[in-house]
Protein chains: 2
Amino acid sequence: MATRTAHDALSRDRIVDTAIEMLDAGGESGLTFRALSTRLKTGAGAIYWHVANKDELLAAATGAVLADVLRGDEADTTPQDAIRAIALGMFDAIDGHPWIGGQLAGLASRSASLRIIERIGQQVQAMGMPAGQRFFAASALYSFILGVAGQNAANARAREHGTSRAETLGAEAQLWANLDAAEFPFLRGVAAQLGDHDDREQFLAGIDLILAGIGIAR
Amino acid sequence: MATRTAHDALSRDRIVDTAIEMLDAGGESGLTFRALSTRLKTGAGAIYWHVANKDELLAAATGAVLADVLRGDEADTTPQDAIRAIALGMFDAIDGHPWIGGQLAGLASRSASLRIIERIGQQVQAMGMPAGQRFFAASALYSFILGVAGQNAANARAREHGTSRAETLGAEAQLWANLDAAEFPFLRGVAAQLGDHDDREQFLAGIDLILAGIGIAR
DNA sequence: ACCTGAACACCGTTCAAGT
DNA sequence: ACCTGAACACCGTTCAAGT
C-alpha cells in the first residue's frame, strides 16, 4: 500500500467529488474556487492545474452524476418500460442533485446527454416508430425531461433562500386557490392537486402522455 | 406636451427596455449594471431606485417579452389549435430572446408563467381531459416548452462565443455521423435529420405528440 | 424624490515564484 | 510536474452625499 500524507494528493477526481458535495449543499452559487480550494486545503490557482475552468468543472460534475444513470440496463423489458426506467433514472439524479438541471441544457455536458438520447432513441425505434419520426420523438422525450429538470433546479434555488419544499408548495397552492375566479378558473380548480401532488408521479404521467402519442404515430 | 431634456428621464420602463436590448445582443452575461448605467447615461446606483436588484430586472424583462405572447386570442379554434398557437407563441418569443429560456423556470417570472399555464389548462379542459388528469397534462405541455426553451438558451449562449447556428449544427451532425457504429446506432442514423431539421417544426411535432397522448387519455 | 459615484465584498482567472 | 498566493479585471450592491 502506498504511503500517504494526512490528506490525499490533489487530483481531478477529488476536485470533482468535492465540487459535487458543495453543489449539493449550496447549489451553483455555493461552488466557488476559493471555497473549494479552502476545503481541499490548497491554493485557489492549484485547481487550474487539473481543470481548465469552472465550466469544465461543472460539466465534469454533471458527467459524474449522470454516469450512475447510464449504468442501468434495460434488457428484457418492453420499450415503454425501458424509457420509463431511463426517464426515472434521470428524474432521481436531478432530484438528488438539482443543480444539474441548469447544466444539462448546455453542450458542456454533451457526452452524457448523447448517451441518454441514444438510449431513448433505441427504445423509440423498438416501439416501431417510423424512421422519419424517431428523431422528433426522442427529442420530445428528452426536452420534456430537461424541462422538468430546469423547474426542479429553480425550485431548489428558491429553497436555498430558506423555506422548505412543503412550505413553498403550500404557499403556492394557497396563491392559486385565491386567484381571480373569472381570470384563472383552471388554476383555481387544480390548486388542491398542486398542494399534494407527487413530483415523481407527475413526471411519469408526462412521460406516459408522450409514450401514448408515440403509440398512435407508430 | 411636456418639456424634455435631450434624453428621456430615467424610468423603470426605460431601464427594462434597454435591458432587453442588451440581453438580446449579449445574453445574460451581456447585461451588467455598469454597462446598463453607461448606456442610460447615469450612475450605477441610480438603477436601484427603480429596480430592486438584478433578479427583479430580469424578471421584469421576461414579463415584458411574454406580455406579447399573452396578447394573442385563441377564440373560435379547436382546443388543439389553440394550444399549438400558445406554444408557438412561446417558441417564437424564446427564439427571438433566447435568454428568457434561463428565466422561465425560475419563480421570478411566475406571474407570466401562471397566465400561460392557465391558458393551456383551459384548452386541455376543453379537449375533454378528466379533472384528475388536467393538471398533469397542462404541466407536461408546459414542461416540454420549458425544456425546448432551455436548449435554445444554451445554443444561443454557445453562439455568443463565435460560431453561427448553421456551423454549430453542421459540426454536431458531423460528430453524430462519426460516432461508434456499435454504441450509437440511433444517433448515427438520425445524423442527417439533425443537420437539416427545422427547430420550429420539431417543436410542433413534440407538442402534437403530447396532444395525441391527451387525446387517448381523454 | 431622485441621482451620483466612490467603496465594499465578492467573483473567476492568471502567473511569477516556489518546491 | 505540481502547487502557492498575490494580483488583475471584473461583478452586484450599498450608501453618504449631492440636487
Side-chain angles (χ1 to χ4, degrees), chain A residues 2-23 25-62 99 102-103 106 108-109 157-158 160-161, chain B residues 2-20 22-23 25-62 99 102-103 106 108-109 157-158 160-162:
Chain A
T3 335
R4 288 248 128 114
T5 41
H7 58 276
D8 292 324
L10 197 55
S11 71
R12 188 179 160 101
D13 278 350
R14 219 161 73 83
I15 291 170
V16 171
D17 287 347
T18 309
I20 290 174
E21 284 173 27
M22 297 180 69
L23 288 163
E28 194 167 330
S29 68
L31 176 67
T32 67
F33 273 60
R34 267 161 247 261
L36 181 58
S37 61
T38 302
R39 269 189 53 155
L40 291 169
K41 295 193 201 310
T42 183
I47 295 165
Y48 285 89
W49 186 261
H50 298 93
V51 149
N53 51 43
K54 194 174 183 180
D55 279 349
E56 192 191 292
L57 178 55
L58 283 166
T62 303
W99 49 272
Q103 291 302 309
S109 55
R157 240 179 340 252
E160 281 164 37
H161 298 300
Chain B
T3 334
R4 289 246 128 115
T5 40
H7 59 275
D8 292 324
L10 197 57
S11 71
R12 189 179 160 100
D13 278 351
R14 218 160 74 83
I15 290 170
V16 171
D17 287 347
T18 309
I20 291 174
M22 295 180 70
L23 287 162
E28 194 167 332
S29 69
L31 176 68
T32 69
F33 274 59
R34 267 161 247 261
L36 182 58
S37 60
T38 303
R39 268 190 54 155
L40 291 168
K41 294 192 201 310
T42 184
I47 296 164
Y48 285 89
W49 186 261
H50 301 276
V51 149
N53 52 43
K54 193 175 182 179
D55 279 349
E56 193 191 290
L57 178 54
L58 283 166
T62 304
W99 49 272
Q103 290 302 309
S109 55
R157 241 181 337 254
E160 281 164 38
H161 297 300

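Just so we're on the same page: letters track the sequence lines, and every chain starts at 1.
Arg34(A) is linked by a side chain to side chain donor-acceptor pair (under 3.5 Å) to nothing, counting only residues two or more places apart in sequence or in another chain.
By the 4.5 Å heavy-atom criterion applied to side chains, Leu58(A) and Glu28(A) are counted as neighbours.
No engagement by Leu57(B) is indicated, since no non-hydrogen atom pair under 4.0 Å with the nucleic acid exists. As judged by a 4.0 angstrom heavy-atom cut-off over every strand, Leu36(A) is placed among residues making no nucleic acid contact.
Looking at DNA chain C, the stems built from 3 or more consecutive Watson-Crick or G-U wobble pairs, each pair with its key distances under 3.5 Å, are C:4-8 with D:12-16, C:12-16 with D:4-8.
Checking each of Leu23(A), Ile47(A), Asp13(A), Leu36(A) against Thr18(A) for a side-chain contact (heavy atoms from CB on, under 4.5 Å) leaves exactly one that passes, namely Leu36(A).
The interatomic distance linking Phe33(B) (CZ) with dA9(C) (P) rounds to 20 Å, in whole Å. Whole-Å rounding puts the Leu40(A) CG to dC2(D) C1' distance at 15 Å. Across the protein-nucleic acid pair, Arg34(A) atom CZ and dC11(D) atom P stand 15 Å apart, rounded to whole Å.
In terms of heavy atoms, Ala35(B) sits closest to Met22(B) at CB-CE, 3.5 Å. Among all heavy-atom pairs drawn from Ala19(B) and Leu57(B), the shortest one is CB-CD1, 4.0 Å. Annotation for Glu56(A) and Arg12(A): closest pair OE2-NH1, 2.7 Å, computed over non-hydrogen atoms. Heavy-atom minimum distance, Phe33(B) versus Ala44(B): CD2-O, 4.4 Å.
The nucleotide whose nearest atom lies closest to any side-chain atom of Thr32(A) is, among dT13(D), dT13(C), dG12(C), dG12(C).
Non-hydrogen atoms lying under 4.0 Å from DNA chain D are contributed by Gly45(A), Ala46(A), Trp49(A), His50(A), all within residues 45-56 of chain A.
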